[in-house]
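Hydrogens, waters and symmetry mates play no part in the numbers below; they use all other heavy atoms, side chains included. In this chain, residues are counted from 1 in sequence order.
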Amino acid sequence: MSDEDDGGSLYVLTAVLMTPAQFPGVLGDDFPEACSLLGVPAAPEGYGLVLGQDEEGARWTVVVDDVSLVAAAIASWDCGMEYDLSPDERTIVVSLAGWPLDLTVSTTGVPEPHDPEQGADGTGRVPLAPPSAEAWGPVQRRMGADQIAREWGDWRERIATDGGAAAAAHPGLARALKEALEYTRQAPPPGRIRSSFAGGDARTLRVDGPGWSLVARTGDAAFLLLDEEPSEVLTVPHGATADLPELLELLAALDRVAVRPV
C-alpha cells in the first residue's frame with residue numbers, strides 16, 4: 001500500500017471493520033462513539049481500519065471508506081487465502097499514528113513496531129494505543145463481553161456446570177435490563193445493539209449501555225458485565241418481574257431492533 005503524499009509505503013498487517021453492526025469494542029459503546037475516538041464522522045456505511053507499519057517500522061492505522069474491499073480481505077484471510085489489501089488513495093479518510101488494538105505481529109525486514117512521534121499524522125494527537133490490561137473500566141468491560149461472545153460454548157458449559165454468579169440480587173441488574181428494554185421502545189445510537197449469526201435460528205446479541213455490557217444468545221442465556229464489578233460475569237436470570245419481561249422475550253425484542261451485518 002503506497003502513500004503518494006510522501007513516497008512511503010504501508011506494510012499491511014491486518015484490518016478490521018468499523019460499521020454500525022461490527023466495530024472493535026475497545027473504541028466505544030456505540031458506533032458514533034467509536035468514530036469520535038478516531039476523529040471521523042459516523043458515516044452510515046462505516047469504514048475499514050487497516051493496520052500496518054511504514055518503512056521505518058512505525059505503527060499506523062489507516063481509515064478507509066471502501067468497506068467492501070476490507071471485508072473481502074478479512075474473509076479471504078479467515079479462509080487461509082492470500083489477499084493483497086491495497087486501498088486506493090482516494091478511499092483514505094485519515095491516517096492515524098499508532099494502533100488501537102494489540103498486535104503481536106510485525107513486518108519482516110523493517111524495524112520493530114514503534115509509535116511515530118506525536119503529531120506525525122498531522123492531528124497533534126497522542127498515537128493510538130491498545131488499552132491497559134492492568135485496569136478495569138468501560139473498555140475492559142466491553143472487551144470481556146466480546147470475549148464471551150467469541151467463546152460462547154465454553155461459557156455456556158461453565159454455567160451449566162456450576163450455575164455461574166447469579167445477578168438477581170445485584171442492583172446493577174435491574175438498571176441495565178431496564179435500559180436495554182428502553183432500547184426496544186426508543187432507538188439508541190447505532191451500534192448499541194448488534195446481532196450476528198450464531199447457527200441455526202439463534203443470534204448472538206451484544207448490547208451496551210452506560211456502565212454495562214450484555215452478551216446473549218437468543219433462545220438461550222445472557223451474561224452481564226458491569227463497570228462496578230471488575231472482571232465479574234453475572235448470569236442474568238430468566239424470570240420476569242413486575243418491571244421487566246421474561247429474559248427470552250427481552251432478547252427477542254432486542255434482536256428485532258438490532259443492527260445486523262450486511
Check: Ser231 and Leu225 side chains under 4.5 Å, non-hydrogen atoms: no
Under a side-chain separation threshold of 4.5 Å, the hydrophobic residues clustered together with Phe197 are none
Minimum side-chain heavy-atom gap Gln53-Leu10 below 4.5 Å: no
Under the criterion salt bridge (charged side-chain N to carboxylate O under 4.0 Å, His left out), I'd like the reasoning laid out for Asp255 against Arg260: C-alpha separation, chi angles, the key distance, then a yes or no. CA-CA 9 Å; Asp255 186 51; Arg260 301 185 178 211; 2.7 Å; yes
Side chains of Arg185 and Leu181: does their closest heavy-atom pair fall under 4.5 Å? yes
Any side-chain donor paired with an acceptor under 3.5 Å for Trp136 and Glu229? no
Under a plain distance cut-off of 3.5 Å, with no hydrogens placed, do Ser213 and Asp208 share a side-chain donor-acceptor pair? yes
Are Asp29 and Arg192 close enough for a salt bridge, meaning some N to O gap below 4.0 Å? no
Salt bridge flag under 4.0 Å for residues Glu228 and Arg175: yes
Are a donor atom and an acceptor atom from the side chains of Ser195 and Arg203 found within less than 3.5 Å of each other? yes
Can you tell me if CG on Asp201 sees more than 12 non-hydrogen neighbours from other groups inside 6.0 Å? no
Whether Trp77 and Tyr83 hold their rings parallel, tilted or perpendicular, with breakpoints at 30° and 60°: perpendicular
Do Leu13 and Val50 have side chains that approach each other closer than 4.5 Å (heavy atoms only, starting at C-beta)? no
Backbone N or O of Pro116 within a donor-acceptor pair of the Trp60 side chain at under 3.5 Å? no
Do Val12 and Leu51 come close enough that some side-chain heavy atom pair is under 4.5 Å? no
Check for a donor-acceptor pair, side chain of Glu246 on one end and backbone N or O of Leu248 on the other, with a separation under 3.5 Å. yes
Does Arg194 qualify as a cation-pi partner of Phe23, given the criterion of NZ or CZ under 6.0 Å from the six-membered ring centre and within 45 degrees of its axis? yes
Going by side-chain contact (heavy atoms from CB on, under 4.5 Å), name the residues that satisfy it together with Ala253, two or more places apart in sequence or in a different chain. Thr184, Arg256
With side-chain hydrogen bond (donor to acceptor under 3.5 Å, both in side chains) as the test, would you mind laying out the steps for Gln147 and Trp155 before giving the verdict? CA-CA 10 Å; Gln147 181 179 1; Trp155 281 91; over 6 Å; no
Just by distance, do the side chain of Gln118 and the backbone of Gly124 share a donor-acceptor pair under 3.5 Å? yes
